[in-house]
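All ligand and atom numbering here is 1-based and tracks the order in the structure. Both backbone and side-chain heavy atoms feed into the values below; hydrogens, waters and symmetry mates do not.
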Amino acid sequence: MTDCIFCKIVNGELPSETVYNSPNVTAFRDINPAAPVHILIVPNRHIDHIRDPRAFEDDVLKEMFQVANQVAEMEGIAESGYRLLFNYGPDANLVVPHLHLHLLGGRPLGPMVARR
Ligand code: DGP
């Protein structure tokens, strides 16, 4: 997609701190990190979000999770632990409409969702 920022990052049209790249998947540091390690794992081909049927083709999700585990090892947080999450829709605050898996870690992350 021509106006998708994550497509532009994958294509090298926009700068990013890329930590992993394969023919199908790219991982780069989040521009606004919520934890010492905050990396986004994205498919190289455009898929809108986790409800897009294309997410379930060609082992896309499987490879994204494999890359997340590999990047967690590379970042030294495999032992201390990490959180993997997808946002979808307004209640989850999905902002960028290109499928992305958040990898968060590097400090105790607390409860999964703030209770109120
Ligand atoms: P989400 O709320 O799940 O859509 O998260 C989108 C994330 O993308 C958010 O944590 C900030 C990050 N982000 C947005 N624009 C850019 C960018 O241009 N570069 C990088 N590296 N991250 C971005």
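Taking any N or O of Phe6, backbone or side chain, none lies under 3.5 Å from an N or O belonging to ligand 1. Looking at Leu40 next to ligand 1, no N or O pair under 3.5 Å apart turns up. Not a single N or O atom of Ser16, backbone or side chain, sits closer than 3.5 Å to an N or O atom of ligand 1. When only interatomic distances are considered, the shortest N/O to N/O separation between Asp30 and ligand 1 falls below 3.5 Å. By the 3.5 Å distance cut-off applied to N or O atoms, His38 is not counted among the residues near ligand 1. For a threshold of 3.5 Å applied to N or O pairs, the pair formed by Val96 and ligand 1 contains at least one separation below that value.
In this structure, Ile47 is a member of the same hydrophobic cluster as Leu61, with clusters built from ILVMFWY side-chain heavy atoms closer than 4.5 Å. Residues Val25 and Val96 do not share a hydrophobic cluster, defined by chaining ILVMFWY side chains whose heavy atoms lie under 4.5 Å apart. No chain of hydrophobic side-chain contacts below 4.5 Å, direct or via other Ile, Leu, Val, Met, Phe, Trp or Tyr residues, connects Leu104 to Leu94. Hydrophobic clustering of Ile, Leu, Val, Met, Phe, Trp and Tyr side chains at less than 4.5 Å, counting indirect connections, keeps Val113 apart from Leu109.
The nearest protein atom to atom 4 (O) of ligand 1, hydrogens excluded, is given as Val95 N, 2.7 Å; this is a heavy-atom distance. Of the protein's non-hydrogen atoms, Ile9 CD1, 3.6 Å is the one closest to atom 19 (N) of ligand 1. Looking at atom 21 (N) of ligand 1, its nearest protein heavy atom turns out to be Arg29 O, 2.9 Å.
At a heavy-atom cutoff of 4.0 Å, ligand 1 is contacted by both the backbone and the side chain of Leu94. Heavy atoms of Glu17 found under 4.0 angstrom from ligand 1: none, in either backbone or side chain. In Phe86, neither the side chain nor the backbone holds a heavy atom less than 4.0 Å from any atom of ligand 1.
For His98 and His100, the ring centers are positioned 6.0 Å apart or more.
Across every non-hydrogen atom of Ile77 and Gly106, the tightest pair is CG2-N, 3.8 Å.
Counting atoms of ligand 1 from 1 in the listed order, those under 4.0 Å from a heavy atom of His100 are 1 (P), 3 (O), 4 (O), 5 (O), 6 (C). Atoms of ligand 1 found under 4.0 Å from any heavy atom of Ile5, numbered from 1 in the order shown, are 15 (N). Every atom of ligand 1 with a heavy atom of Asn87 under 4.0 Å away is listed here by number and element: 1 (P), 2 (O), 3 (O). Distances below 4.0 Å separate heavy atoms of Asn93 from the following atoms of ligand 1: 1 (P), 2 (O).
Remark: Arg83 CZ is packed, more than 12 non-hydrogen atoms of other residues, nucleotides or ligands lying under 6.0 Å away.
Distance alone, capped at 3.5 Å, places no donor-acceptor pair between the Asn24 side chain and the Val60 backbone. A donor-acceptor pair is defined here as one N or O able to donate and one able to accept, closer than 3.5 Å; no such pair exists between the side chain of Asn11 and the backbone of Glu13. Panel note: side chain Asn44, backbone Ser22; a donor-acceptor pair is recorded below 3.5 Å.
Side chains of Asn69 and Tyr82: a donor on one and an acceptor on the other come within 3.5 Å.
With distances taken over non-hydrogen atoms, the option nearest atom 13 (N) of ligand 1 out of Leu14, Ile31, Ile39 is Ile31.
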